[in-house]
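Below: one structure, written as structure tokens.
Proteins get letters first, then strands, A, B, ... in listed order; numbering begins at 1 in each. Atom set for the values below is all heavy atoms of this structure, side chains included, hydrogens, waters and symmetry mates excluded.
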Amino acid sequence: MTDLPTPRISDLARPAPPPGADYLEGLNPEQRRAVETTEGPVLVLAGAGTGKTRVLTTRLAHILATGRARPWELLAVTFTNKAAREMRERITHLIGPSAEGLRWLGTFHSIAAQILRRHAELVGLKSSFTILDTDDQERLIKQLLEAENIDTKRWTPRSLAGLIDHWKNRGWTPEKLPTTEDFANGRGQKLYAAYQARLVTLNACDFGDLLLHNLTILSQNADVAEEYRRRFRYILVDEYQDTNVAQYLWLRLLTSSTGNVCCVGDDDQSIYGWRGAEVDNILRFERDFPGAKVIRLERNYRSTKHILGAASGLIAANRDRLGKTLWTEDDSGDKVKVRGVWDGEAEARLIADEIETARRSGLRYKDMSVLVRASFQMRAFEERLVMLAIPYAVIGGPRFFERAEIRDAHAYLRLIQSEDDDLAFERIVNTPKRGVGDTSVQKILQIARAQGVSAMTAVRALIGSDELQARTRTALSNFVRDLDRWRAQAQQVRHWELAETVLEESGYVDMQRADRATGQTRLDNLKELVQSMQAFDSLTAYLEHVSLVLDLDRGAGEDAVQIMTLHGAKGLEFPLVFLPGWEEGVFPSQRSIDEKGEKGLEEERRLAYVGVTRAKREARISFAANRQVYGRWTSQLPSRFVDELPLDHVEAQSDTGYYGAQPGLKEAKSRWDDAPTFGAGYSSPGWKRGQAFAASQSPRPAYARNAVIEGEGRLIATADPAAGSSWSRGDRVFHQKFGYGAVRAVEGNKLLVAFDKAGEKKVIDTFVERVER
DNA sequence: CCTCTGTAGATTTTT
DNA sequence: TCTACAGAGG
């Protein structure tokens, strides 16, 4: 076991700031109480926009400044890296560089990983264990299922992976798995156990294991647990309403019921029940920690009274809540607008027009956001915004480090770093294709497993044997030779240079170059990868961090309308927020209700609450009477949430021109209910055809796809409407999706192009490249 | 090993 | 309706 860090003299000698330090200034009485109530269990119920982060960081600063604890004696846990980073930055701002000593400030997972590395041997791992991502996890599970001759179509690896994750979230090891839990007709527990055993063999663990192994270590080794309990004199937990059972148990093991534990959260913003969060944890806090002090932060500094009034009225319909009432001194501002429109496209047109209007009145694009329940709803807005050349960014979506090309690159690096990494081997032994087919790979793995050695060891032995085809053996021998060479080079060159070399020499870059469709994006991603490696001292340091602590904020800071899911919007704020799609089935999501009943509905309502409270100045809700769902036209009813909005704070906007007059909400609703046109016989309204300028019906239309800079916070369209047209009839162009073509007509920034293969299309000029004739 | 064809399934997402 | 993905066949 590694030693815990020892205090530095410089830290010990640092003078405590005088009492009444200025960091306490400007806090309201409740905030100040939350900061100064340092002893014993405390629950801070921090409503939306009540200065939660400020309280959190000030509290930590206060504990340090008053000498109650030294930086390494504080445990501060968040859910996301972003939150951890933000907290560290703000504390540094408050107390200066000594904040660097906060070595136990991080996400649940990263802190659990640190603890696990110190005591890995207690659960049969080496401290150098690797952390598998979901892709690795699923491949491994697939192998197990196939070994058991289980039909992987009926019983998909993904569903078992999800189930195991769920079990781990609840703190269940295979031995503790309740008999009611199962998979593939009674084989659930056996498969789970086999999976865990396989992980140990690979010296690996998945995300869930980080916490689960911690639970095992802390509950079975009293001395270890005691050591941490003594060390962590003050514990702080952010977003407590999102903790799952395993995280809760973990906290309980690290703290006694009288310990100095401060949990901050908002039961009304618990929106992750579907991935294991237990609102119950926060609702139960006072019972779990007898004598706990509960402090409510209810003064809101973000929104106007109408926004808060609308949100409060809505959330009041929930039964499972501790209850609090947000208030503000801000008396200004409009009521929340609610509008019904004809269909999804009309909704997109309305919102896009309003974005233009807001822009003309001086609001920046990035001050506006469109918050949707599910990502399929984004398409309509993307189409409309592209058409109007309004810049927008889709926040969320596939994450950079989960991209195939990034994982491939990592696999090369992992295999160079450690020959034993069989999963890395399997991933890239034939990527790019080097003539080692599936059959050969399976054979290698089989032999390796039979002999209890790594795949690479088996390969080295096979090269000199007469197993496998001669051609395969040659390919493998080249592969081994390359790896050995790179490994030797790793000592000489800097790690990102090694990455460049490997990608180039392995033929990976060439493989991507040959791919006209996605190759360029992938090469760009790989460039970005190499760049992000430069922030680390070594390959080891990079790989350690990449699985847990790395996320890139790309495309941030651009002036673009922010489109994201309601989940993605949590913690953010915008002057103007659009909330489309408030229709039964869409929001609340039918599936939520089907699967979780009343609990699911309450979570949906909390999601609505989160959405409304993102708005600083104005929130605009809308619903459509008709919507295309999976290609089928369906008539929609307004969401029950619309009727739960208190009339004092809401106005039904009737003059949108997108549908007839709507004198009042109730009336508007009955209009939807009764309208005969929405019955079963309703079919696609023909007048919309041809209005959008591309024929593609894919969820992400071709013309938008081409403008996507993939990544988190992809900036999608940056067409500059002001740029004069430099196009003329007859120009030859190349388009990512449609190929080569000739310009037929120019209309502002839109071009009518006759594509050689795809026929005539209208495209935005920034999405085509000019080519020589 | 690549290309074609049929079919399930199509919320939310962090680590 | 569309897409991703698996399995068959060239």
Using the side chain to side chain contact (heavy atoms under 4.5 Å, CB included) definition, which of the options [options] pairs with [X]?
X: Leu371(A); options: Val577(A), Val610(A), Val612(A), Leu607(A); answer: Val577(A)
X: His119(A); options: Leu116(A), Ile115(A), Val123(A); answer: Ile115(A)
X: Lys570(A); options: Ile271(A), Thr613(A), Thr80(A); answer: Ile271(A)

With rounding to the closest Å, how many angstrom separate the P atoms on dT12(B) and dC5(C)? 16 Å
In whole Å, what separates the P atom of dA4(C) from that of dT11(B)? 14 Å
Give the rounded distance in Å between these two atoms: [atom1] of [X] and [atom2] of [N].
X: Arg158(A); N: dT11(B); atom1: CZ; atom2: P; value: 12 Å
X: Gln269(A); N: dT12(B); atom1: CD; atom2: C1'; value: 16 Å
X: Gln114(A); N: dT15(B); atom1: CD; atom2: P; value: 15 Å
X: Leu210(A); N: dT15(B); atom1: CG; atom2: P; value: 13 Å
X: Phe376(A); N: dT3(C); atom1: CZ; atom2: P; value: 16 Å
X: Ile271(A); N: dT14(B); atom1: CD1; atom2: P; value: 11 Å
X: Ile115(A); N: dT15(B); atom1: CD1; atom2: P; value: 18 Å
X: Leu132(A); N: dT15(B); atom1: CG; atom2: P; value: 17 Å

Just to confirm, is there a sub-4.0 Å distance from OP1 or OP2 of [N] to any side-chain nitrogen or oxygen of [X]?
X: Ser375(A); N: dT12(B); result: yes
X: Tyr272(A); N: dT15(B); result: no
X: Asn81(A); N: dT15(B); result: yes
X: Ser592(A); N: dT11(B); result: no

Parallel, tilted or perpendicular: which fits the ring planes of [X] and [Y], with parallel below 30° and perpendicular above 60°?
X: Tyr192(A); Y: Trp167(A); result: tilted
X: Phe207(A); Y: His109(A); result: perpendicular
X: Tyr630(A); Y: Phe376(A); result: tilted

Answer yes if the side chains of Tyr609(A) and Asn318(A) hold a donor-acceptor pair under 3.5 Å, and no otherwise.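 There is no such pair (donor and acceptor under 3.5 Å, judged by atom type) between the side chains of Tyr609(A) and Asn318(A).
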Are a donor atom and an acceptor atom from the side chains of Gln143(A) and Glu426(A) found within less than 3.5 Å of each other? yes
Compare all side-chain heavy atoms of Asp408(A) with those of Arg427(A) and state whether any distance is below 4.5 angstrom. yes
Determine the contact category for [X]: base if any of its heavy atoms lies under 4.0 Å from a base atom, sugar-phosphate if only primed atoms, P, OP1 or OP2 are that close, otherwise nothing.
X: Phe79(A); value: sugar-phosphate
X: Asn430(A); value: sugar-phosphate
X: Glu239(A); value: nothing
X: Glu595(A); value: base
X: Ser589(A); value: base

Is it the case that dT1(C) (base atoms only) and Arg632(A) (side chain only) share a donor and an acceptor within less than 3.5 Å, ignoring hydrogens and angles? no
What's the closest nucleotide to the side chain of Tyr630(A) if the choices are dT15(B), dT1(C), dT13(B)?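 From the listed options, dT1(C) comes nearest.
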The side chain of Thr107(A) lies closest to which of these nucleotides: dT11(B), dT15(B), dT13(B)? dT15(B)
On DNA chain B, compare the nucleotides closest to Val436(A) and Gly208(A); which residue's is nearer the 5' end?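 It is Val436(A) whose nearest nucleotide is closer to the 5' end.
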Comparing nearest nucleotides in DNA chain B, the 5'-proximal residue of the pair Glu604(A), Arg434(A) is Arg434(A)
List every contact pair, protein side and nucleotides 3-9 of chain B side both N or O, where the distance is under 3.5 Å.
none

